[in-house]
Amino acid sequence: MAKKTEKDQQCSGDCNSCASSQGNSTPASSLPERSKATIKHVILVLSGKGGVGKSTVSVNLSYALANQGYYVGLLDLDMHGPNIPKMLGIENARLQYMGDKIEPVHITGNLSTISMAFLLPDRDTPIIWRGPMKMAAIRQFLDDVNWGPLDFLVVDLPPGTGDEALTIAQIAPNVRGAVVVTTPQEVATLDSRKAVKFIEKMGIPVLGIIENMSGMICPHCGKEIDLFGSGGGKRAAEELKVPFLGAIPIDPEMRKAGDEGHPFIIRRGEKNQTWESVDQVMEALVRVIEG
Ligand code: ADP
């Protein structure tokens with residue numbers, strides 16, 4: 001058999017055909033069928049880098065949509081670092097089976113979630129899986145979970161454009177679009193551009209870019225400190241010609257909300273700039289999603 005030349009191995013830029021050529025293709029006949037009927041819209045949340053606030057955005061967006069009366073599922077596909085249960089304060093929840101279906105963990109009457117973390121014996125156990133196992137798990141999370149009729153399934157992805165992002169982009173039904181979260185500094189926005197290009201190559205609408213950790217509100221004086229800078233996400237959105245959904249500052253209250261399992265959007269406290277920016281970003285995102 002002829003050895004592949006370097007030219008043969010070059011990326012064509014077509015993720016769909018590339019995955020097919022490596023035996024990872026998903027024939028239409030094996031697409032998750034059940035979820036097509038039960039999930040109206042899938043929304044992907046991506047980032048180029050880790051730690052930029054993707055899970056934070058996923059959790060707050062899920063609540064924002066649920067607060068509008070929609071039925072929402074939150075699927076934690078960050079298999080190697082599943083933090084959604086911690087951020088929702090349901091770390092000790094475990095999955096139950098109802099017949100041949102997995103019951104998601106219900107957070108409110110119209111918000112439920114699934115995470116790999118619910119399947120692990122304890123929080124220190126790592127997932128050591130190759131691509132095909134992840135692909136099988138993603139398929140199960142779509143089709144074998146008793147999501148019930150959902151208006152939206154928000155999918156929190158791991159950073160980058162690896163197996164999980166490629167699989168969900170290829171097999172999820174009714175993908176409404178994807179949102180990219182970035183922090184303002186160049187090392188992050190550079191990677192967020194790759195995430196945007198990936199979404200476009202997959203033929204998925206880019207709902208927009210959110211700039212998180214944009215400036216910092218000093219907990220002592222309440223004024224803004226330019227910690228990671230600001231404006232990088234906005235510039236990237238302008239250059240890539242995709243919507244800019246707004247900026248959220250660094251605020252210790254945001255970090256506390258995550259650590260204490262009580263999402264920022266439902267925390268009651270003194271209204272400040274962070275409150276307003278989270279509200280504005282979520283409203284902008286919900287508007288784009290509602291189309
Ligand atoms: P990712 O999902 O991209 O890895 P996370 O959402 O887990 O990022 O956020 C990383 C950490 O930063 C978490 O501890 C989270 O609570 C915190 N965080 C996220 N956004 C902010 C913010 N705007 N201000 C302060 N802390 C934040």
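Ligands are counted one by one from 1 in listed order, and the atoms in each one are counted from 1 as well.
The backbone N or O of Phe141 lies less than 3.5 Å from a partner atom in the side chain of Trp147, making a donor-acceptor pair.
Atoms of ligand 1 found under 4.0 Å from any heavy atom of Pro249 (numbered from 1 in listed order, with element): 22 (C), 23 (N), 24 (N). The ligand atoms of ligand 1 that sit less than 4.0 angstrom from a heavy atom of Met87 are 5 (P), 6 (O), 7 (O). Against a heavy-atom cut-off of under 4.0 Å, Val52 is close to the following atoms of ligand 1: 1 (P), 3 (O), 8 (O). Residue Gly53 approaches ligand 1 through these ligand atoms, each under 4.0 Å from one of its heavy atoms: 1 (P), 3 (O), 5 (P), 6 (O), 8 (O), 9 (O).
Between Leu207 and Ile289, the closest side-chain pair of non-hydrogen atoms falls below 4.5 Å. Using a 4.5 Å heavy-atom threshold, the side chains of Leu61 and Leu285 count as touching.
Looking at ligand 1, you'll find an N or O of Thr56 within less than 3.5 Å of one of its N or O atoms. Not a single N or O atom of Asp259, backbone or side chain, sits closer than 3.5 Å to an N or O atom of ligand 1. For Lys54, a nitrogen or oxygen atom sits less than 3.5 Å from a nitrogen or oxygen atom of ligand 1, counting backbone and side chain alike. Looking at ligand 1, you'll find an N or O of Asp251 within less than 3.5 Å of one of its N or O atoms.
Applying the side-chain hydrogen bond (donor to acceptor under 3.5 Å, both in side chains) test to every pair with at least one member in residues 278-291, sequence neighbours left out, gives these pairs: Tyr70-Glu290.
When heavy-atom distances to ligand 1 are checked against a 4.0 Å cut-off, Ser58 has no atom that comes that close, whether in backbone or side chain. Contacts between Asn212 and ligand 1 below 4.0 angstrom, taking non-hydrogen atoms only, involve the side chain exclusively.
Between the side chains of Ser214 and Glu211, at least one donor N or O lies within less than 3.5 Å of an accepting N or O.
With hydrogens left out, the protein atom closest to atom 22 (C) of ligand 1 is Met254 CB, 3.5 Å, a heavy atom. In terms of protein heavy-atom proximity, atom 14 (O) of ligand 1 is closest to Arg255 CG, 4.0 Å. In terms of protein heavy-atom proximity, atom 4 (O) of ligand 1 is nearest to Gly51 N, 2.8 Å.
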Would you please test Leu44 and Ile204 for side chain to side chain contact (heavy atoms under 4.5 Å, CB included) and show each step? CA-CA 10 Å; Leu44 310 180; Ile204 292 172; 4.0 Å; yes

Does Leu74 form a side chain to side chain contact (heavy atoms under 4.5 Å, CB included) with Leu88? I'd like the steps, not just the answer. CA-CA 11 Å; Leu74 172 54; Leu88 291 171; 4.2 Å; yes

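Around atom CG of Asn92, no more than 12 heavy atoms belonging to other residues, nucleotides or ligands sit under 6.0 Å away. Within a 6.0 Å radius of NZ in Lys40, no more than 12 heavy atoms belonging to other residues, nucleotides or ligands are found. Taking a 6.0 Å sphere around CD of Glu238, one finds it holds more than 12 heavy atoms contributed by other residues, nucleotides or ligands.
Here atom 12 (O) of ligand 1 lies nearest to Met213 when heavy atoms of Met216, Glu260, Met213 are compared.
By the 4.0 Å heavy-atom criterion, Pro252 is excluded from the residues contacting ligand 1.
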